[in-house]
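Since the structure comes first, as structure tokens, the remarks are kept for the end.
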Amino acid sequence: MRFLDSWTELSLFDLVRLLAPAVFLAAAVFLPGRRVARWTAFLLALAIPWLRELGTSALIAGGWVALWLLVAWQAGVVKVSAASRPLAATRGTLETGAVGFLLALSVLALLVAAVARQDLGPEDGRRASLGVLIVGLGLLHLMLRRHGRRATLAFAALGLGLQVLDGVARGAQVPATLPVQGAVLLGTALAVVLAVRIASNRELHTGSAWISDAHDLHD
């Protein structure tokens, strides 16, 4: 009950401010297309300055804004020579998508339940559950939207959720023992850059950035 009360006690403004990133990500998970991915990333870049639950300095928050703008740019890139749809046969897509959805949903439910069972204060409970929710949506996107370039959005979401969780953990540590900020942002940026590099190479050499068209994933 304390976990639910920590959310219901919020004003409408704070509730919208906190849940807006999750709503944007959910749209990208369940709605296909590069335009949806681009607008999701752009709206998240606008939402970051309002998300003080990140628990970071203004410089790190600015880095997250820049990273989401990079994702918005790359997720919407259209290569003339690249396939707009998978070239390989998509038999079994429904089954694999259903399995991926149920697996990610199960992991998300377990993580949220684990947070709810902890004896956390209202603020820490909200922040921890928000971080877990964003991580879960990033995992869902990675499993359901099988396009290499738009996977940048999934990796950025995973990193953003971890950044929120890192902020909760840092708040519980002794200030003198805190590590330098920026590790989560740096790791996420590297993952995004690698995803862009791999997708670009596949578009150049095979004409498709769809994961189902990767040779090593064929049956």
Side-chain angles (χ1 to χ4, degrees), residues 1-31 35-73 75-76 104-105 107-109 111-116 118-142 152-173 178 181-185 187-189 192:
M1 291 300 296
R2 288 183 58 190
F3 175 73
L4 294 177
D5 289 341
S6 68
W7 283 96
T8 56
E9 68 184 16
L10 291 175
S11 66
L12 179 60
F13 173 78
D14 284 328
L15 195 61
V16 170
R17 178 180 62 80
L18 279 172
L19 293 182
V23 172
F24 298 151
L25 286 171
V29 168
F30 296 107
L31 298 177
R35 289 185 179 87
V36 174
R38 168 168 280 183
W39 273 105
T40 296
F42 180 72
L43 290 172
L44 274 161
L46 295 179
I48 292 297
W50 300 91
L51 197 63
R52 61 173 181 269
E53 283 72 15
L54 284 177
T56 62
S57 64
L59 180 62
I60 300 299
W64 279 105
V65 171
L67 181 60
W68 278 106
L69 289 175
L70 172 64
V71 171
W73 169 42
L105 202 62
V107 172
L108 175 59
L111 291 174
V112 171
V115 171
Q118 301 301 311
D119 188 21
L120 299 173
E123 177 70 17
D124 288 340
R126 282 194 300 268
R127 293 174 67 189
S129 56
L130 176 64
V132 166
L133 177 60
I134 294 175
V135 167
L137 288 170
L139 184 60
L140 267 174
H141 189 284
L142 199 59
T152 54
L153 193 146
F155 288 122
L158 289 168
L160 182 64
L162 290 176
Q163 183 69 77
V164 175
L165 293 173
D166 179 71
V168 178
R170 293 175 68 89
Q173 290 181 266
L178 291 177
Q181 293 189 30
V184 177
L185 175 60
T188 305
V192 168

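Since the model is a prediction, treat every value here as computed from it, not as a measurement.
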Handout entry: Side chain proximity check, Ile60 to Leu54, heavy atoms < 4.5 angstrom
Key = no
Fill in the blank from the handout: Separation between OG1 (Thr188) and CG (Leu162), nearest 0.5 Å, reads 6.5 Å
Practice task
Give the intermediate values and the outcome of side-chain contact (heavy atoms from CB on, under 4.5 Å) for residues Arg127 and Leu165.
Solution key: CA-CA 7 Å; Arg127 293 174 67 189; Leu165 293 173; over 6 Å; no
Practice task
Applying side-chain contact (heavy atoms from CB on, under 4.5 Å), run through Leu18 and Leu51 and close with a yes or a no.
Solution key: CA-CA 7 Å; Leu18 279 172; Leu51 197 63; 4.2 Å; yes
Problem - Leu160 side, atom CG; Asp166 side, atom CG - distance, nearest 0.5 Å - result: 11.5 Å
Practice task
Could you tell me which residues satisfy side-chain contact (heavy atoms from CB on, under 4.5 Å) with Leu43, sequence neighbours excluded, listed by chain and number?
Solution key: Phe24, Leu46
Exercise for the section: List in chain and number order the residues that pass side-chain contact (heavy atoms from CB on, under 4.5 Å) with Val16, two or more places apart in sequence or in another chain; answer none if no residue qualifies. Expected result: Leu12
Completion exercise
Output for pair (Trp50 CH2, Asp14 CG), nearest 0.5 Å, gives 11.0 Å
Fill in the blank from the handout: Between the CG atom in Leu19 and the CG atom in Leu25, the distance rounded to the nearest 0.5 Å is 12.0 Å
Exercise for the section: Measure the spacing between CG of Leu158 and CG of Leu142 and express it to the nearest 0.5 Å. Expected result: 6.5 Å
Handout entry: Pairing residues for Ala41 by the side-chain contact (heavy atoms from CB on, under 4.5 Å) criterion, not counting sequence neighbours
Key = Trp68, Val71, Ala72, Leu153
Practice task
For Ala157 and Ile134, work out which heavy atoms get closest and say how close.
Solution key: O-CG2, 3.2 Å
Practice task
Would you name the heavy atoms of Val184 and Gly159 that are closest together and state the gap between them?
Solution key: CG1-O, 3.4 Å
Completion exercise
Note: Ala45 and Leu69 closest approach over all heavy atoms is CB-CD2, 3.8 Å
Exercise for the section: Identify, with sequence neighbours excluded, every residue that meets ring pair (Phe, Tyr, Trp, His ring centres under 6.0 Å) alongside Phe42. Expected result: Trp39
Fill in the blank from the handout: Residues His141 and Ala28: closest non-hydrogen pair is CD2-O, 3.5 Å
Problem - Heavy-atom donor-acceptor pair, Arg38 side chain to Trp73 backbone, under 3.5 Å - result: yes
Handout entry: Point-to-point distance, once rounded to the nearest 0.5 Å, from CG of Leu44 to CG of Leu67
Key = 10.5 Å
Handout entry: salt bridge (Lys or Arg N to Asp or Glu O under 4.0 Å) partners of residues 51-64, not counting sequence neighbours, each pair once
Key = Arg17-Glu53
Problem - Exercise: identify the closest heavy-atom pair between Ala27 and Val36 - result: O-CG1, 3.8 Å
Completion exercise
Residue set satisfying side-chain contact (heavy atoms from CB on, under 4.5 Å) with Ala66, at least two apart, ordered chain then number -> none
